[in-house]
Amino acid sequence: MELDYLTINEAAQLLNEKKVSSAELTQHCIKNIKQKNAEVNAFLTITEDKALNSAKESDERRSRGELKSNIDGIPGSLKDVICTAGVRTTAASKMLDNFIPPYDAHVTRLLKDAGAVIVGKTNLDEFAMGTTTAYSAYNMTKNPWDTSRVVGGSSGGSAASVAADQSIFSLGTDTGGSIRLPASWTNTVGLRPTYGRVSRNGVIAMASSLDQVGTFTRSVADAAELLRILAEPDTGDSTSYKIPVPNYVAAIGKDIKGMKIGVVKEFMGEAVDVKIREAVNAAIRQFEKLGAEIIDISVPLAEESLATYMVIVPSEVSTNLERYDGIKYGVSANEDANVDNLIEVYYKSRQKFGNEAKRRIMLGSFALSAGFYDQYYNRARKVQRMIKAQFSEKFKEVDVMVGPVSPTMPFKTNEDLNDSLKLWMADLLVVPVNVANLCGISVPCGFEQGLPIGMQIIANHFDEEKLFKVASAFEVSTEWHKINAKSKIQN
Amino acid sequence: MSNINSTTVVHVAKLARIEIAENEIDKYLGELSNVLKYVDHLQQIKLNDFAEQVNGLVNVFREDEVINNNMRDVLLKNCPMSEDGLIKVKQVL
């Protein structure tokens with residue numbers, strides 16, 4: 001039985017037809033993890049025994065005809081900021097090297113309740129801060145398409161796990177492109193739902209006003225399938241929006257004739273690699289062929305998103321990371337006999353933060369400090385409101401907006417990845433979605449020298465159905481998503 | 001226009017309880033200045049009416065009832081030092 005690179009829907013069909021068992025699917029993924037993890041480093045923790053156990057339970061349910069959902073028995077993975085009861089969760093930080101959460105994140109619980117099998121926890125930039133996964137305290141994840149390239153970040157391990165056929169889907173988080181960027185560099189589908197659509201309860205916080213959980217899959221239909229499960233409102237996250245969950249799957253495969261697709265001028269400028277612009281322009285012609293109406297639009301304030309983001313994120317990071325004080329959990333100097341008092345415990349424990357975490361904490365502490373709060377954080381919030389308003393205004397003219405995901409092809413792993421300003425720039429085209437609290441999806445739309453290119457589709461808040469409709473119409477009429485990294489990894 | 005110098009760096013590190021060595025001050029100063037230079041043009045943006053408008057936000061409350069299912073011992077397992085069900089810390093002064 002050919003088990004390579006199955007989508008959720010393909011795997012579910014094979015399971016239903018009794019052509020494969022969940023145990024076999026799970027073993028397939030675990031075999032690939034073991035074969036490739038030394039090179040790709042997508043996984044920080046492999047939960048083999050638990051996974052095989054859940055697979056067995058799923059197979060038993062299936063034989064009794066008691067399926068929990070369409071993803072029952074399907075193996076997936078979780079970014080290591082998503083808490084898993086009894087399984088170490090590190091946020092790729094030495095600070096949480098020994099942290100074993102006593103509870104599941106809401107999304108972990110929802111996946112388990114749906115019968116999904118969790119094969120392990122994936123690598124990321126420490127506390128989800130970065131665009132390459134090079135800032136992981138446990139070594140970077142390499143791009144399965146070309147291991148001399150970065151995979152993107154911060155949810156790089158999740159992207160690689162799907163691209164290297166180590167899990168059929170993966171959950172990540174997207175605070176400023178951390179799902180869409182690595183998805184675009186790995187030929188996977190990366191969905192960042194609207195802020196408030198998915199509960200963050202039990203997800204280690206980075207910048208709370210922007211953080212959102214989303215998915216990596218091999219098809220748009222799979223993303224819709226997962227969001228239907230994950231979007232359940234939750235009292236454990238006060239920003240979880242209590243509106244009904246539409247049947248996202250119904251949006252798949254629909255005609256897009258007459259839909260208005262806006263091409264955002266600001267996303268197609270000189271800063272974007274010409275090959276990437278060409279691929280996106282070809283995709284736009286495809287939409288035209290499908291009968292959509294293409295409208296050139298301009299959202300000038302979108303260009304202010306990155307600067308806004310670069311103030312808001314470190315500010316919220318500095319407050320969120322205050323909790324790592326060596327007292328309640330995490331690695332601590334509390335027991336160190338040479339440390340005399342509480343303040344020394346703080347200083348010594350916080351030495352475990354990596355360079356980027358320290359940089360952002362320092363920057364944020366500065367931006368929030370007396371005398372500078374108005375000039376930086378408050379100012380950024382004001383500009384953010386203007387950006388949001390401008391996007392809202394433009395969404396009166398179009399159903400969705402499109403543009404590239406990344407301005408460049410993936411960096412080489414031996415480039416200088418310590419220049420944090422350069423790395424922030426990789427997020428230039430993805431942060432507007434976060435800053436304006438919109439939803440966005442990255443879908444495969446081309447290749448350049450054997451490396452994948454992603455197109456971004458953006459919809460207004462809580463308009464995920466439109467995203468799925470447009471993205472799936474593109475997907476079913478093109479072949480890009482069918483190309484996988486199998487031959488690359490075996491060489 | 002950057003508001004930051006080596007004294008600020010030392011001050012901010014103290015606020016954040018981050019230990020930095022004498023020879024790291026310049027490195028931080030350079031890195032922070034770079035970012036601040038980039039974000040500086042936020043100051044030049046002309047604010048419009050939307051800048052002050054907060055719409056559609058509501059407070060989220062729940063009933064003030066006990067939902068705690070006594071996880072004390074489980075939570076304390078992650079705690080570096082504890083005694084008799086309490087978190088233990090070093091002396092404050």
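The chains referred to below are lettered A, B, ... by the order of the sequence lines, with proteins before strands, and numbering in each begins at 1.
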Ion pair check, B/E19 and A/R350, cut-off under 4.0 Å: no
Heavy-atom side-chain contact between A/L363 and B/V12 under 4.5 Å: no
Any side-chain heavy-atom pair of B/R17 and A/E322 under 4.5 Å: no
When B/V39, B/V60, B/N34 are compared by non-hydrogen pairs under 4.5 Å with chain A, the top option: B/V39
Any A/N355 side-chain heavy atom under 4.5 Å of B/K27 side chain: yes
Side-chain heavy-atom pair B/L32, A/M362 within 4.5 angstrom cut-off: yes
Donor-acceptor pair, side chain of B/N78 and main chain of A/G330, under 3.5 angstrom: no
Partner chain A: residue of B/V89, B/V54, B/V92, B/L47 with the largest heavy-atom pair count (under 4.5 Å): B/L47
Contact check, side chains of B/K90 and A/N334, non-hydrogen atoms, under 4.5 Å: yes
Spacing of CG belonging to A/L301 relative to CG belonging to B/N48, to within rounding of 0.5 Å: 7.5 Å
A/Y103 side chain reached by B/V74 side chain, heavy atoms, under 4.5 Å: no
Sub-4.5 Å side-chain heavy-atom contact between A/K388 and B/F50: no
Separation between CG of A/D336 and CE of B/M81, rounded to the nearest 0.5 Å: 10.0 Å
Heavy-atom side-chain contact between B/Q43 and A/R379 under 4.5 Å: yes
